[in-house]
**Q** 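After the structure tokens below, expect a handful of questions from me.
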Amino acid sequence: MSAYVAIDNQLGDKELEQAIIETLKSVYDPEIPVNIYDLGLIYEIRIFEDRSVYVKMTLTAPGCPVAGTLPGQVEMRLQEVPGVKEARVELTFDPPYTIERMSDEARLALGWM
């Protein structure tokens with residue numbers, strides 16, 4: 001798990017939480033061969049009692065060419081997770097992304113460890 005992801009699981013449903021994380025790990029940044037979760041682009045995950053999901057994410061840079069499409073792709077993928085009623089993704093640049101957010105797995109994949 002990325003060191004800085006805040007997870008608020010009001011359901012207490014660890015299986016749904018894990019399915020959401022695995023789905024996020026299946027989405028890759030098109031410019032970097034690392035998934036968005038291990039890259040540290042996910043800031044917050046909230047799973048509500050009505051089984052709706054909220055994700056706050058960022059991009060590696062505000063001028064990223066996928067800024068207009070990647071959050072929507074993430075939202076669509078989350079809505080496909082069995083048990084998720086609805087998903088909403090918010091894009092933020094506060095705080096700005098830094099490479100310190102990357103997991104050890106991402107650093108290893110990029111040869112930075």
**Q** Check the pair I45 / I21 against side-chain contact (heavy atoms from CB on, under 4.5 Å), numbers first and verdict last.
**A** CA-CA 9 Å; I45 300 169; I21 291 170; 4.2 Å; yes
**Q** Would you call F93 and L59 a side-chain contact if the rule is heavy atoms closer than 4.5 Å?
**A** yes
**Q** With heavy-atom distances below 4.5 Å as the criterion, would you say the side chains of T23 and E80 are in contact?
**A** no
**Q** Would you mind checking if R88 and E86 are paired as a salt bridge, meaning a charged N to carboxylate O distance below 4.0 Å?
**A** no
**Q** Please report the interatomic distance OG1(T58) to CG(L91), rounded to the nearest 0.5 Å.
**A** 6.0 Å
**Q** Report yes or no: do I7 and L41 belong to one cluster of Ile/Leu/Val/Met/Phe/Trp/Tyr joined by side chain heavy-atom distances under 4.5 Å?
**A** yes
**Q** With distance as the sole criterion, is a donor-acceptor pair present between the side chains of E44 and Y54 under 3.5 Å?
**A** no
**Q** If you compare all heavy atoms of L39 against all heavy atoms of Y97, which two are closest, and at what distance to 0.1 Å?
**A** O-OH, 2.7 Å
**Q** If you group Ile, Leu, Val, Met, Phe, Trp and Tyr by side-chain heavy-atom gaps below 4.5 Å, do I32 and V27 land in one group?
**A** yes
**Q** Is a donor on one side and an acceptor on the other found under 3.5 Å between the side chain of R46 and the backbone of K56?
**A** no
**Q** Taking the side chain as everything from C-beta on, heavy atoms only, tell me whether M102 gets closer than 4.5 Å to L110.
**A** yes
**Q** Closest approach of R101 and R107, non-hydrogen atoms and distance?
**A** N-NH2, 4.4 Å
**Q** Taking G83's backbone N and O only, do any of them form a donor-acceptor pair with R51's side chain (distance below 3.5 Å, no angle check)?
**A** yes
**Q** For I36 and D29, which heavy atoms make the closest approach, and how far apart are they?
**A** CG2-N, 4.0 Å
**Q** May I ask you to test the L24-L78 pair for a side-chain heavy-atom distance under 4.5 Å?
**A** yes
**Q** Side-chain heavy atoms under 4.5 angstrom apart, residues restricted to Ile, Leu, Val, Met, Phe, Trp, Tyr: same cluster for L11 and I20?
**A** yes
**Q** Answer whether the closest heavy-atom distance between the side chains of E75 and E90 falls below 4.5 Å.
**A** no
**Q** Within this structure, what is the CD-CG distance for the pair E105 and D38, rounded to the nearest 0.5 Å?
**A** 5.0 Å
**Q** Any chance you could lay out the side-chain contact (heavy atoms from CB on, under 4.5 Å) test for L70 and M57, step after step, and finish with the verdict?
**A** CA-CA 10 Å; L70 189 59; M57 67 175 290; 4.1 Å; yes
**Q** Is there a path of hydrophobic side-chain contacts, each under 4.5 Å between heavy atoms of I, L, V, M, F, W or Y residues, that connects Y28 with V74?
**A** no
**Q** Hey, does K14 have a side-chain heavy atom less than 4.5 Å from the side chain of Q18?
**A** no
**Q** Using atom types as modelled and distance alone, determine if a side-chain donor or acceptor of S52 lies under 3.5 Å from a backbone N or O of K85.
**A** no
**Q** Give a yes or no on whether W112 and Y37 share a hydrophobic cluster (residues Ile, Leu, Val, Met, Phe, Trp, Tyr; joining criterion: side-chain heavy atoms under 4.5 Å apart).
**A** yes
